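Structure record follows, encoded as C-alpha cells.
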Amino acid sequence: MIKKLIACFILFVWIILSACHATPQDLIIKKKGNDLADLVIATQESNPFENIPQEISSKIVSDDKRIIINIDATIVVPDIDCIPVAKLTPRSFTQNEIETVAYTLLQNNELLEPRKLEDYSKEEIEERILNLKSGKDSDLYLENPEQYHEEIKDELEMYEQLYQKAPTESVRKPASIELRPSLRDESAMTVAVSADLGKSEPAYFTYIDKQTKIVNFAFYNVEGIPPTGKVTENFNVPGVTISRDEAILMVKELVDKLNLGAFSINGMGTIPYIGTSRNVFGYDDLPKCYIFYLTREISGLNDTYVNPSFIQLQASQPSEKYNYVWPCEVIEVTVDDTGILSVLYRGPIADIEMINDNVGIESFEKIINIFEKQVCFAGAFPKEKDITEIRIEIKKIVLGATRIINRDSFGSYLYVPTWDFFGSVTSRYKEGAGDQGQINQDNEFTEDDYGYSILTINAIDGSVIDRNLGY
C-alpha cells in the first residue's frame, strides 16, 4: 500500500496527464466552424436558467443493449445572471508573480536550496540506514524479508558510503528565486527553493515553465509521504479537528494572497495523507486530509474541474490550425490541523479578453436530449470483445466553462459555457478476462475517480466537446 502511494506521489509531483480510456472513434461533433464563431457573439435574450430542474432521473439503453446509462443526478448551476464568453491567451508567470507565490507559500522565511543527500548530517543518514534495515516502510519486508534485504543491498551500500563523508551538522545553503534550465528537460525553466516552517522536513517550492505550454508550481509542507491517492466526497476525516468550513476559510485566504486573479472553489473532498503513519493496508485505514480544487472564474462562471487522468491530450503537437490542448487551470490545496499541507497549480496563467458578457445558450431540455443521443457514441467506452456490459451512472450535471481551441486565432483559446455529466463507468468482463488484479468477484471494474466527466457538451450550440482534442 505504501509503495503504491509513493509511486502515485512521484507521478503526481511532475503532474503528467496519463491516458485512462480509449479515444472516441464514433464522436459526433457539429457546428465547429463559423457557426460557433457567430453564436459566441449572440446575446442571450431570455433567462438562461429558466426551466432547469434541481434534479433529473432517466435511463438510456444502447441499441445493442450493451451500454446502460442511469441518470440520477443533481444539477449544479452558478449563481449568476449572465453567461460570459472570453478569449484566453496563455502566458508565463512574471518574475514578480513567481516571487509573490513563493514568498507567500514559504511565509516570507529565508529561502534555502533544496537539500541533496550529501547535505544530510551523519545523524540523519544513520536514521535512514536504520529505517531501511528495519523494513518498516516496506510491504515486501512483511511478505518476504530475505527478498527485501536482497533488493535493498545497493541502496544500503549507497547510504553507508554517504555516512562516511556526511557532515556532523546538516548543510543548508541560501537560495534565490532564479529561473534556471531544468536538468530533466532543456526546454524547460525551473525554480526550486525551500524554507524551514517548523516541521521535521523543510517545506519546498518548485516552479516549471516549458515554453508557456506547461506552467506548473508545487508547494509541500509535510512530514513523510504527502497527500496522494483516491479522492472521495466523504468528509469524515478522523484525526482532523478543524471543520470543513474552517479549512475553506484557510484556503480562500491563501489564494487571495497568491494574487493570481479570480479563483474559487469548484470541487472538494478528502484524500489520503499517510504522512509518517505505518502499517496501514487498506484505504479505510489511511489517515485523510481535506482537498480543494479552485479554478479560474470569469464573471462568476468557473472553469469546470475535470480529473486530468481521464484526459489523453491527443493534440499534443500544434498545427497551422490547432493549438496545444489547454486543460482546466486549477489550484489544488490540501489542509489538515497543521495548516496548508500542499498547493499544486496547473497552468499556464491566462490573459483574458471578454468577447460576450451574456451569450445565448441552448435550453437544458435540448442539452439533455443531445446527451441521450450522443452518450453511447461519444463516451469513448471500451469496445473490447471481452466486455459484455457497460453501466454508466450519472450523478451530477454541472454548468461551467471549458477552454476550447480557437481556430480563428492561433495561440488563443475560447472560454465557453459547457455542461459536464459526472459519474462512473462499470465494465463487466467475461469470465477470466480483464485485469484480475482490478476486477471484483462479479468480473466488474469500476472507474469512479473524483471529477470523472463522462461527456462535455457546449452550452452555446449543443456540440460535443472532446477534451482529449480540445474542441
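Computed from a predicted structure; not experimentally measured. Sequence positions, counted from 1, serve as the residue numbers for this chain. No hydrogens, no waters, no symmetry mates; every other heavy atom, side chains included, goes into these values.
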Residue pair [X] / [Y], side-chain heavy-atom distance below 4.5 Å:
| X | Y | result |
| --- | --- | --- |
| Tyr204 | Asn221 | no |
| Arg244 | Met268 | yes |
| Val222 | Pro227 | yes |
| Asp196 | Asn109 | no |
| Thr228 | Pro272 | no |
| Trp419 | Ile397 | yes |
| Ile67 | Val61 | no |
| Gln161 | Glu157 | yes |

Problem - Atom pair OG1/CD1 of Thr74 and Ile394 - distance to nearest 0.5 Å - result: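 Between atom OG1 of Thr74 and atom CD1 of Ile394 there are 11.5 Å.
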Problem - Distance, nearest 0.5 Å, that separates CZ of Phe93 from CD of Glu99 - result: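 The CD atom of Glu99 is 13.0 Å from CZ of Phe93, to the nearest 0.5 Å.
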Pairing of [X] and [Y] as salt bridge, 4.0 angstrom limit:
| X | Y | value |
| --- | --- | --- |
| Arg128 | Glu155 | no |
| Asp442 | Arg428 | no |
| Lys396 | Asp72 | no |
| Glu389 | Lys65 | no |
| Arg403 | Glu329 | yes |
| Arg391 | Glu444 | yes |
| Asp420 | Arg467 | yes |
| Lys395 | Glu233 | no |

Is the backbone of [Y] close enough, under 3.5 Å, to the side chain of [X] for a donor and an acceptor to pair up by distance?
| X | Y | value |
| --- | --- | --- |
| Ser194 | Leu112 | yes |
| Glu246 | Ser243 | yes |
| Asn70 | Lys59 | no |
| Asn302 | Thr295 | yes |
| Tyr415 | Asp303 | yes |
| Asp209 | Met189 | no |
| Ser453 | Val306 | no |

Practice task
Check whether the side chains of Thr446 and Ser424 place a donor and an acceptor atom closer than 3.5 Å, and report yes or no.
Solution key: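 There is no such pair (donor and acceptor under 3.5 Å, judged by atom type) between the side chains of Thr446 and Ser424.
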Exercise for the section: Verify the distance criterion only: is there a donor paired with an acceptor across the side chains of Thr232 and Asn234 at less than 3.5 Å? Expected result: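 Note: Thr232 and Asn234 side chains miss the donor-acceptor criterion.
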Exercise for the section: Taking the six-membered ring of Tyr163 (Phe, Tyr or Trp), confirm whether the NZ or CZ of Lys122 is under 6.0 Å from its centre and within 45° of its axis. Expected result: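 Yes, cation above the ring, under 6.0 Å and within 45°.
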Practice task
Could you check Glu201 against Arg115 for salt bridge (Lys or Arg N to Asp or Glu O under 4.0 Å), going step by step and ending with a plain yes or no?
Solution key: CA-CA 10 Å; Glu201 288 290 331; Arg115 287 198 300 172; 3.8 Å; yes
Taking the six-membered ring for Trp, are [X] and [Y] ring centroids under 6.0 Å apart?
| X | Y | result |
| --- | --- | --- |
| Tyr293 | Tyr450 | yes |
| Phe217 | Tyr345 | yes |
| Phe445 | Tyr429 | no |

Practice task
Evaluate the ring planes of Tyr141 and Tyr148, with Trp represented by its six-membered ring, and classify them as parallel (under 30°), tilted (30 to 60°) or perpendicular (over 60°).
Solution key: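 Taking Tyr148 first and then Tyr141, their aromatic rings stand perpendicular (interplane angle over 60°).
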Problem - Sole residue of Leu105, Leu294, Thr100 in side chain to side chain contact (heavy atoms under 4.5 Å, CB included) with Leu258 - result: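 Exactly one option meets the side chain to side chain contact (heavy atoms under 4.5 Å, CB included) with Leu258, and it is Leu105.
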